[in-house]
Amino acid sequence: MSNDHDHHEQSIWEKYIFSVDHKVIGMQYLFTGMLMALIGGFFVYVFRMQLAFPGAEVLGWGIVNSAEYNALVTNHGSIMIFWVAMPVLIAAFGNFLIPLMIGCDDMVFPRLNRLSYQIFLISALVLIASFFVQGGGFGGAWTAYPPLSANANYNLTPWGSILWLVAVALEFVAFLMGGINFITTLMNSRAPGMKMYDIPIVVWMIVLASILFMASVGPLIAGAIMLLLDQTMSIGFFDPAKGGDPVLWQHLFWFFGHPEVYVVLLPAMGIVAEVMTTFSRKKLFAYKTVLNTAIATGILSFFVWAHHQFVSGIDPRMANIFTVTTVIISIPIAEMCFVYIATLYKGSIEFTTAMLFALAFLVEFLLGGVTGIFLGASGSDIYFHDTYFVLAHFHYTFVPIAIISVFAAIYYWYPKMFGRLMNETLGKIHFWGTVISFNIIFIPLFILGASGQHRRIYNYENFPQLATDGMQNLRVVATMGLIAMLVSQIPFLYNFVTSWKKGKIAGNNPWKANTLEWVATSPAPHGNFKELPTCYRGPYEYGKMEGRKDDYWPQNEES
Amino acid sequence: MGIVQPIATRRSATGILTGKLAVWWLIGSEIVIFGGLLASYIMMRLLHGDWANEAEHTNVVIGATNTFVLLTSSLFVVLSHYWAEKGDRDKAFKYMWLTILGGALFLCFKSYEWTHEIAQGYTISKSLFWSFYYVAAGIHGLHIIGGVVIMAFISFDLKKGKNMHRAELIGLYWHFVDIVWIFLFPLLYIAK
Amino acid sequence: MNFLIEQASSFAADIDGLIIIIAVLAGFWFFVAEFVLFYFIFKYSRKNQAQSEYITGEEPELVKWVHWPHIAVLVCDIVIIFFAVKVWYNVKQDFPQPDETIRVVGYQWSWKFVHPGADKQLGTEDDIEMIDELHLKVNTTYHFKLESEDVMHSFSIPVFRLKQDAVPGRVITGWFKPIKTGQYDIQCAEMCGIGHGIMGSQLYVESEEDHNKWIQSVNGQGETLSQVQ
Amino acid sequence: MSAGSSPKKYVKVWFLLLVLFAISVIGPAFEIRWLTLITAFGIAGVKAFVVAKEFMHLNVEKKIVSYMLGSMFLACVLFYFGVAGDVMNSKGQHWEKKVYKVEKTKASH
């Protein structure tokens, strides 16, 4: 059936600002996420300079006092998770890819899709506003443990904490609405002939992530309302003097917190699966195993949350249950990594920038996953909890998830978004600059953490055992690594902007991939396909197949 | 700017209408929100035995009548859905407005109840029981208001015989709000 | 491989032992996976392998290569769980009889330590309250009663491998037994506001007679607000 | 989606709900703890099932919907049992809550 979709020429206002096209909304999320990443990156530059050169004036900020330091640390964490990782990984690539990859013309609810971006934009503006209010930005860590977050005379940021909480709550609402849109679209609007196991893994992962998010965020939304009342009307849900219990907030937060990290992990694994299979020309090793381990990880992720609270006041007997479930959850993830590595076996790997980033994801994420076992085992967590070892662990998982796999996705789908290829040499410079400096930052932080340096401390000169020259040099090395990593983003931004007009024309299928988005023209028009495609086979038919000249077999081709 | 409904919305690989599937997922997300709040309330309630003294002052009579009102309005919305399914515009419209009346009645009783309780000094910050009472019943009340407003819009469509399937969608939402109240009523009013 | 800092309490060696076990087991699988990954990257680059093969991943002889490592990882995990729970039980659940009990109170931006004084009984008027200074006798088993007066703090002595959050509204008991004399840091490990970074305290583990000498010297003077270095 | 045979059926279901509702109000009046528990809370569960099955047509709906709603409810139950140990108790292994004197207003009988 022909697709009589676009009928009248839309004004700029309709086409870009108030668009209901899933691709434009995807780009809006992507640009907002990248802008917030710059802000988060600036924050980490400022407070790492303070750590490397305590008390010195930081270029571009001035003297960093302890309240500012806490606000910078808190909002670096909040921005990078809620306003960079989730919007870019789930909303930007979810919106852009899901309709294209399952062969339909748009999300099922275009206006709900636009509304969820608008609420997300408001949440980002509310968060930015929280830095300019009296008392400055909220400084009580992104976990916002009460009574510090609930009581203004404890956190000394009366407006900052309220605005931070409202921003996070709005962001949850935006992603609940977005999630319902994604899940319903995948369930109902698949191309004819696309059976469950023909759906590309990245689409599966993004929708699984939306389901995990929806099922885990509920209690925290109730918790956010309770905390908001504590902050504004000093009600006392979490104030022990009034009968409340601060540990209740910790449970509400981490019941959401841990499924949340799998919510951002799964789309990243999906992106790596797409990029890796295309550039190694290899069928994904055991598609069903990847899918089943993803679902198993998702379900298990609801049973592990209290490993964040081993020493934070929960009953020691509970800790034993959670250490068992936490160490067990490393099984499905290890299985998924083994299967990804097995996909490369007997492949023919072409080292494009996207492929380099996908491989770097696997290399780096393995170290992130392995160091997590030190923290999941309750015994060793007594020592490592809230040290820089924890910080290095979750950066070895979050940076590959939110930065490295996102770069792989941008280099891979840029031709489909803008119709032109990004420059490969600039891409390689950007790749080596980012990955090498990333390791220079966080290997020293592992060592610092193992020698007892705790997180969020503004100035280590107060602790003689931490103020040794050796440790201070490690902090300087880490800060130099960070500056190198930020500087090496310049070739990427330059490449991103100039390739818009000056990149090589890409054509529909530059990478010779199978999935349906490469059937549409690049950039795809409103309504995506002239003829909505039918799906005949799985998305990963790569490799030498008898009777076929090419080493790939697009999903929509009949023969 | 007329938005053309995408073809995606008309597809139904699962056999469930897209709109209804979305409402089921909305109800799923609401279960976890109310569930988290009520779980926290139950735990605190088991800790603080003395809340039973506070709960003495809740008005069980109004709570019971509100339960009756919501049960009846659930009946009306399912009848409205029944007649909408049969294509009878007027009956669907009539029962939808009876449901809206039920919702409005519920809100009137609640506001009467709350004004008296606050007048007697049982405000939200009197004690933690009352905080949970006002937060839980308050969020539920907001959901009733949302439901009533949406039902009004849908009833005008029903009158014109457009989007008749939406009667069932708002009916599902309304039944869910009724079920939440079915659990709220014993937890807040009865547990003495 | 004393990669970590010195062990100044009785259970520090247990925790370090667990860390080494995990390092060996997890590290082994890490290097195996990285080696295989890099081996595939170099062996199957387009230069060496022009044409890729069609492998579904359901072939038994290939699945075997993923299945057995998967089982081995499960076995390693069970070993890790066993040792982790054992260490956790000894440190956080099964407490030896205390020789002395102290009180530790965290408040916005200092630690207050209440020593039992000469009579070794808390709550008597010869108790010694110290701000940001904790004096302990080596080789004696201490119980500490931890509480917080305002927000979440975390009582952490890295050289003891000790950490326990101070939760407002709760009194949490823990134990330790110093085995080395010396002066060490005490840190706050939970974000507690703008002074979180200056909440450091000094721990003095003294021999028997030094400790008694110290008790005589401060006897009855109560709080001594020593300046933080 | 057939909306059931006739309106009469729904009125009967409504009546059943009213009966259950009456029991759940009368039961607690006897002030017997276990009776209150069964009537008030047990019947609430039954009413919820009746509304879900009859009015929301979950009995004829696709199975996946009931599995989804059930798993969301299980998430809440899991949350409850994971957290109750700390919040519900006033003391546990090596910890106890400092009970603050929340001014107890004796109910004026």
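In the text below, chain A, chain B and the rest are named by the order of the sequence lines, each starting its count at 1. These figures come from a predicted structure and were not determined experimentally.
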Counting heavy-atom pairs closer than 4.5 Å to chain B, which one of [options] comes out on top?
options: A/A215, A/S234, A/S189; value: A/S189
options: A/M194, A/R190, A/M107; value: A/R190
options: A/M187, A/H251, A/M214, A/M233; value: A/M187
options: A/P99, A/P219, A/G179; value: A/P219

Proximal to chain A - members of [range], heavy-atom separation under 4.5 Å:
range: residues 22-42 of chain B; result: B/A22, B/W25, B/L26, B/S29, B/V32, B/I33, B/G36, B/L37, B/S40
range: residues 128-150 of chain B; result: B/L128, B/S131, B/F132, B/V135, B/I139
range: residues 91-121 of chain B; result: none

Between [X] (side chain only) and [Y] (backbone N and O only), is there a donor and an acceptor less than 3.5 Å apart?
X: A/N556; Y: A/T534; answer: no
X: A/H22; Y: A/N95; answer: yes
X: B/T18; Y: B/T9; answer: yes
X: B/T65; Y: B/V61; answer: yes
X: A/Q555; Y: A/D198; answer: yes
X: B/D157; Y: B/I154; answer: no

| field | Salt-bridge present (A/D315, A/R317; N to O < 4.0 Å) | value | yes

Minimum heavy-atom distance between [X] and [Y], given as atom pair plus value:
X: A/D105; Y: B/A8; result: OD1-N, 3.2 Å
X: A/G243; Y: B/M44; result: O-CE, 3.5 Å
X: B/G19; Y: A/F109; result: CA-CZ, 4.3 Å

Per-residue contact mode, [X] against chain B (heavy atom under 4.5 angstrom):
X: A/L112; answer: neither
X: A/M177; answer: neither
X: A/L220; answer: neither

| task | State, yes or no, whether a side-chain contact exists between A/L227 and A/P146 at a heavy-atom distance under 4.5 Å. | result | yes

| Pick one: which of B/W51, B/Y189, B/Y122 meets ring-ring contact (aromatic ring centres under 6.0 Å, His included) with B/H57? |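 Among B/W51, B/Y189, B/Y122, the one that satisfies the ring-ring contact (aromatic ring centres under 6.0 Å, His included) with B/H57 is B/Y122.
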
| said: Students often mix this up, so state it plainly: with edges at 30° and 60°, are the rings of A/F256 and A/F213 parallel, tilted or perpendicular? | reply: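 Because their plane-to-plane angle is over 60°, the rings of A/F256 and A/F213 count as perpendicular.
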
| task | Only counting residues at least two apart or in another chain, list the ones meeting ring pair (Phe, Tyr, Trp, His ring centres under 6.0 Å) with A/F238. | result |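 By the ring pair (Phe, Tyr, Trp, His ring centres under 6.0 Å) rule, A/F238 matches A/W249.
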
